[in-house]
Protein chains: 2
Amino acid sequence: MGLKQVQRQTGVALWRQIADRIREAISSGAYDETGMVPPETVLALQFGVNRHTVRSALAALAQEGIVRAVQGRGTLIERKERLNFPITRRTRFTAGIGDQAREMRGLLLDEAKEEASAEIARWLGLKPGEQVIRLETLRQADKRPVSRATSWFPAERFAGIGEAYRAGESITKAFAELGLPDYVRATTEVTAAHASAADMADLELTPGAILLIAKAMNTDLEGVPVQYSISRFAADRVQFTIEN
Amino acid sequence: MGLKQVQRQTGVALWRQIADRIREAISSGAYDETGMVPPETVLALQFGVNRHTVRSALAALAQEGIVRAVQGRGTLIERKERLNFPITRRTRFTAGIGDQAREMRGLLLDEAKEEASAEIARWLGLKPGEQVIRLETLRQADKRPVSRATSWFPAERFAGIGEAYRAGESITKAFAELGLPDYVRATTEVTAAHASAADMADLELTPGAILLIAKAMNTDLEGVPVQYSISRFAADRVQFTIEN
DNA sequence: GACCATTTGTCCGTATGTATG
DNA sequence: TCATACATACGGACAAATGGT
């Protein structure tokens with residue numbers, strides 16, 4: 001253990017590689033016994049780098065609010081949660097969290113009526129060019145940003161969904177408000193990618209950060225598509241679970 | 001579009017950020033019309049950097065075999081596939097690929113008999129310390145590495161599974177060989193993270209590359225756990241699909 | 001209080017990598 | 001290819017804070 005875990009001259013600074021590994025180790029529970037990160041000198045030895053380089057990594061993690069350094073004592077772990085999102089036929093953002101967070105919120109960032117692109121039309125079972133409503137939303141757990149989603153809805157059937165979402169702060173409540181009491185998740189596609197500059201800002205991420213991307217289609221109980229969405233989750237804050 | 005897509009002084013070199021974005025643009029089909037990447041000067045303008053910096057990014061992509069620069073013509077796209085893996089109750093690596101690739105192979109890198117850790121024992125329904133067999137495998141599609149997996153099996157029930165896997169090049173065939181004709185996927189946990197140095201080497205990735213990680217548990221038809229595995233997929237080569 | 005080992009914080013200088021023009 | 005500016009990484013030395021004896 002602890003040999004050549006990081007690589008040089010690859011376009012990714014050593015301190016960033018080390019920060020990513022320590023963040024992973026924290027969220028995987030590697031330091032649960034002490035609640036602290038090992039001393040800088042120990043980490044430097046483990047990663048085969050200078051202590052200064054480790055300090056840069058820890059400074060970045062402190063900036064993210066994950067650790068807090070205390071002179072004379074060590075570097076304490078402040079946060080280590082990773083929210084679990086079950087992906088099932090009844091997937092709901094808020095309910096899925098359950099008791100993992102106290103306060104769940106969905107904020108409406110933007111709303112627009114537009115013509116469906118070929119891809120959106122295909123997913124919603126519309127003809128390209130038909131009107132759809134697009135919602136840009138930000139979801140938070142205990143005031144911490146968790147995901148940025150772009151959702152499309154058939155405009156005719158769900159007129160006013162933006163206002164309903166803003167009021168209820170959830171898709172489920174907005175649907176209910178518009179006369180759709182229940183819906184189901186039909187398909188989900190999962191990929192991963194680097195965060196765009198815009199998503200980095202909204203999700204309070206740093207460059208090099210990873211997104212888990214879920215492209216999802218929901219239907220009503222008759223199987224008619226009601227929503228297509230592309231959700232970008234901060235990968236170090238969540239995991240998906242699929243139960244078969 | 002095209003403004004401030006990359007950030008400075010973040011521990012990730014601009015040329016690497018740009019290489020990552022172009023790689024994703026290619027695999028998402030953004031340049032399908034021409035089959036080429038835009039000219040270096042155009043990219044430099046789009047990303048707001050010097051042409052030298054774009055050249056560094058394209059050189060890295062050429063090194064990966066994704067693009068090929070031709071003097072006087074431009075930079076041609078050599079490869080852009082993204083394999084789809086359905087995650088269902090009957091998830092199988094080889095069959096899941098279907099017609100997306102011609103040749104599917106599973107290579108056995110290492111085999112070991114060891115005592116189950118607390119986590120492995122929990123997943124396999126064993127007592128910690130009971131014997132398990134661990135297989136390290138590399139899966140390829142058309143000779144291109146797709147995923148690195150670490151799998152654990154109850155040692156008593158599946159003695160000799162390493163040899164069976166080496167011969168059949170698939171878990172399904174190895175199970176059949178050992179008298180288990182059928183099995184089902186019980187749960188799958190999906191996360192994303194940066195690649196370790198070892199996975200980078202096996203999957204022919206570059207630093208900063210992203211892994212889609214699937215922790216999966218398979219059972220026999222009676223619901224008895226037969227396999228727990230942690231598979232790391234090159235995120236820019238695959239996507240997962242969940243059908244509900 | 002004094003003393004100690006441990007750990008983080010700060011400063012110096014130097015070499016190399018990254019990015020621009 | 002050259003020159004320039006800044007970020008990254010290293011090595012060493014010492015200061016400051018903490019928790020113990």
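Throughout, protein chains are lettered first and strands after them, A, B, ... in sequence-line order, and every chain is numbered starting at 1. Small disclaimer: the values here were computed from a predicted structure and weren't measured.
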- request: Taking all non-hydrogen atoms of both residues into account, name the closest pair between A/Leu135 and A/Gly162 and its distance.
  value: CD2-CA, 3.8 Å
- request: Starting from C1' on D/dA17, measure out to CD on A/Gln71 and report it in whole angstrom.
  value: 5 Å
message: Looking at the base of C/dG9, is there any donor atom on it, or on the side chain of A/Arg51, that sits under 3.5 Å from an acceptor on the other one?
response: yes
message: In whole Å, I'd like the distance from the CH2 atom of B/Trp15 to the P atom of C/dT20.
response: 14 Å
message: It should be established whether A/Arg55 places a side-chain nitrogen or oxygen under 4.0 Å from OP1 or OP2 of nucleotide C/dT8.
response: no
- prompt: Under the 3.5 Å rule, do the base of D/dG12 and the side chain of A/His52 count as making a donor-acceptor pair?
  reply: yes
message: Quick one, B/Arg237 with B/Leu205, criterion side-chain contact (heavy atoms from CB on, under 4.5 Å). Give me CA distance, side-chain angles, the key distance, then yes/no.
response: CA-CA 11 Å; B/Arg237 293 173 204 162; B/Leu205 296 172; 3.5 Å; yes
task: Assess the side chains of B/Arg232 and B/Ser196: does a donor N or O sit below 3.5 Å from an acceptor N or O?
output: no
task: Could you check whether A/Thr75 gets within reach of a base, just the sugar-phosphate, or nothing at all, counting any heavy atom under 4.0 Å?
output: sugar-phosphate
task: Starting at atom CD1 of B/Ile18, determine the distance to atom C1' of C/dA19, rounded to an integer number of angstrom.
output: 10 Å
- request: Grab the CG-C1' distance between A/Leu61 and C/dT8 for me, whole Å please.
  value: 15 Å
- request: To the nearest Å, give me how far apart CZ (A/Phe47) and P (D/dA9) are.
  value: 13 Å
- prompt: Nearest-Å distance, CZ (A/Arg68) to C1' (D/dT18)?
  reply: 13 Å
- request: Write down the distance between CG (A/Leu43) and P (C/dT8), rounded to a whole number of angstrom.
  value: 8 Å
field: A/Ser147/A/Arg139 under side-chain hydrogen bond (donor to acceptor under 3.5 Å, both in side chains): CA gap, chis, key distance, verdict
entry: CA-CA 5 Å; A/Ser147 83; A/Arg139 294 180 285 199; 2.9 Å; yes
task: Compute the centroid of each ring, for A/Phe240 and then for A/Phe233, and state whether the two points are separated by less than 6.0 Å.
output: yes
- prompt: Considering heavy-atom distances to DNA chain D, does A/Ala13 or A/Arg73 have its closest nucleotide positioned more toward the 5' end?
  reply: A/Ala13
message: Tell me whether the side-chain N/O atoms of B/Asn50 come closer than 4.0 Å to OP1 or OP2 in C/dG21.
response: yes
field: Integer-rounded Å distance: D/dA9 C1' and A/Glu40 CD
entry: 15 Å
